[in-house]
A.B. asks: 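Before I ask anything, let me first share the structure, which is written out below as structure tokens.
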Amino acid sequence: MDPLPNGNNVAAAAAPPSSSSSSSSKLTESLKLEHQLLRVPFEHYKKTIRANHRLVEKEVSAVISALSHSADHDDAIHHLNSLVSRLQGLKRKLEDGSRAERLQAQRCRARLDHLESADGDNISEWNNTRLKRILVDYMLRMSYYDTATKLAESSNIQDLVDIDIFYEAKKVIDALHNKEVAPALAWCADNKSRLKKFKSKFEFQLRLQEFIELVRNENNVQAVIYARKYLAPWAATYMKEFQKVFATLAFTSNTGCEIYKVLFEPKQWDYLMDQFKQEFCRLYGMTLEPLLNIYLQAGLSALKTPFCYEDDCTKEDPLSQESFRKLAMPLPFSKQHHSKLVCYITKELMDTENPPLVLPNGYVYSTKALEEMATNNNGKITCPRTGLVCNYTEVTKAFIS
């Protein structure tokens, strides 16, 4: 029988599994953040299936209804030829729909394979790919479509990002930017059942804006006809908004009454664009905030302290930059169980090995920094924040409890 290894060898042999277990645990926690990666293509896949199903039901119902009509011989032949053409058109549409379904299924499979490929051996490469995905997501949300597309193509991650879905949203956003609601209304019609399930009022808000534009152009008669056709069905649910907008018939677009003046302001179109983005993200299961912001806020939440917002905050602190401060504004301050003193001069930790020293003016610096300064200046020390000059012998040691 082989002799048992000594204790040191046992510890050495046990170390790799422990490290591997820790790495595996971190990876598992990381994968929990990938909800959107799978949810978006799955929702798109379901939407494509529903659209194909509705198309088949509509066309088949129309064909069956047409077959029930009686006609003479010549008309029947013409009618049958028309039905054959219609069915051939349906076949082409179904082939296109089938290709779209296969594409979405392929995208879901690619993302599952991507998640399954994550392990301790290639975690660095996998994290690099995730970073590129997050950057593409941010660019698409910020309307940098061309840059996002080029990054996805150069990194070969087209199946891992949602460029086509954001291009779908771009058409609606561009139209709203140009004060056109037709594409947005078409989008609402395509997703009517889902929006109804969410109790969305986006379509109603679009209809209100069209009514306002008719009033703005002094087409009051047309506005009343429009309200009867498109706004009346919503009146029972949104009576207060309906009454407020309908009252604009008694005012002009340059009214001084603040309650109605705001309805004619251009910022209403900006509000519609923001509302569309929220409904769009909710429809596909996306986060309302870009993933990049969410990950940055997770890190900033551990760094945010009251000192970060003071004028003498060190430049090494990310929160010394205005963009990061704005991003961290809604976050709570980090809870520090144990305070850490960092030297203003050397940026090193002040502890028992490098204790803090107090100048006569009350400012505190590390022993290492003040000793080096005294050595280079004949025993003199200059406070970098107030300019006070004193001898090294005048400083006192501070004790950390």
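These figures come from a predicted structure and were not determined experimentally.
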A.B. asks: Relative to Y392, does K380 satisfy both conditions: NZ or CZ under 6.0 angstrom from the six-membered ring centre, and within 45 degrees of the ring's axis?
C.D. replies: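 No.
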
A.B. asks: Pairs of donor and acceptor atoms involving the side chains of residues 88-99, under 3.5 Å and at least two apart or interchain, shall be tabulated with distances.
C.D. replies:
residue, atom, partner, partner atom, Å
D96, OD1, R99, NH2, 2.1
S98, OG, R102, NH1, 2.9

A.B. asks: Within this structure, what is the CG-CG distance for the pair L208 and L272, rounded to the nearest 0.5 Å?
C.D. replies: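 Result: 9.0 Å between the selected atoms.
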
A.B. asks: How about T287 and Q36: does a side-chain donor come under 3.5 Å of a side-chain acceptor?
C.D. replies: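 Looking only at side-chain atoms, Q36 and T287 do form a donor-acceptor pair, the distance falling under 3.5 Å.
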
A.B. asks: May I ask you to check whether N361 and T386 show a side-chain donor-acceptor distance below 3.5 Å?
C.D. replies: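 Present: a donor and an acceptor within the cut-off.
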
A.B. asks: So, R54 and E57, do they make that salt bridge, N to O below 4.0 Å?
C.D. replies: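 A salt bridge is absent here (no side-chain N lies under 4.0 Å from a carboxylate O).
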
A.B. asks: Give the C-alpha distance, both sets of side-chain angles, the deciding distance and a yes or no for side chain to side chain contact (heavy atoms under 4.5 Å, CB included) between V172 and M273.
C.D. replies: CA-CA 8 Å; V172 177; M273 282 188 279; over 6 Å; no

A.B. asks: What do you reckon, is CD of E372 surrounded by more than 12 foreign heavy atoms closer than 6.0 Å?
C.D. replies: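 12 or below, so no.
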
A.B. asks: When E34 is tested against each of H114, R133, R39, R111 for side-chain hydrogen bond (donor to acceptor under 3.5 Å, both in side chains), which residue passes?
C.D. replies: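 Only one option passes, and that is R133.
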
A.B. asks: State whether a side-chain donor-acceptor pair under 3.5 Å links K47 with Y284.
C.D. replies: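 Indeed, the side chains of K47 and Y284 share at least one donor-acceptor pair under 3.5 Å.
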
A.B. asks: Looking only at side-chain N and O atoms, does R194 offer a donor or acceptor that is under 3.5 Å from a partner on N191?
C.D. replies: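 Not at all, the side chains of N191 and R194 share no donor-acceptor pair under 3.5 Å.
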
A.B. asks: Determine, step by step, whether L135 and L151 satisfy the side chain to side chain contact (heavy atoms under 4.5 Å, CB included) criterion, reporting the C-alpha distance in whole Å, the side-chain angles of both residues, the deciding distance to 0.1 Å, and the verdict.
C.D. replies: CA-CA 9 Å; L135 290 175; L151 176 58; 4.1 Å; yes

A.B. asks: Counting the benzene-type ring for Trp, do Y145 and Y167 have ring centres under 6.0 Å apart?
C.D. replies: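 Yes.
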
A.B. asks: Closest heavy-atom contact between A328 and K304?
C.D. replies: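 Distance-wise, the nearest heavy atoms are O-NZ, 2.9 Å.
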
A.B. asks: Looking at Y45 and E101, what are the two nearest heavy atoms and their distance?
C.D. replies: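 Heavy atoms only, the tightest pair is CE1-O, 3.4 Å.
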
A.B. asks: With a cut-off of under 6.0 Å to the ring centre and 45° to the axis, is R385 in cation-pi contact with Y344?
C.D. replies: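 Output yes; distance and angle both within limits.
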
A.B. asks: For residues 211-233, which side-chain donor-acceptor pairs fall under 3.5 Å, sequence neighbours excluded?
C.D. replies:
residue, atom, partner, partner atom, Å
E213, OE1, R216, NE, 3.1
E213, OE2, Q209, NE2, 2.9
E213, OE2, R216, NH2, 3.0
R216, NH1, F264, O, 3.0
R216, NH2, F264, O, 3.2
N217, ND2, E213, O, 3.1
Y226, OH, R207, NH1, 3.4
Y226, OH, E210, OE1, 2.3

A.B. asks: List the steps and the verdict of side chain to side chain contact (heavy atoms under 4.5 Å, CB included) for W187 and E279.
C.D. replies: CA-CA 11 Å; W187 182 83; E279 298 294 347; 4.2 Å; yes

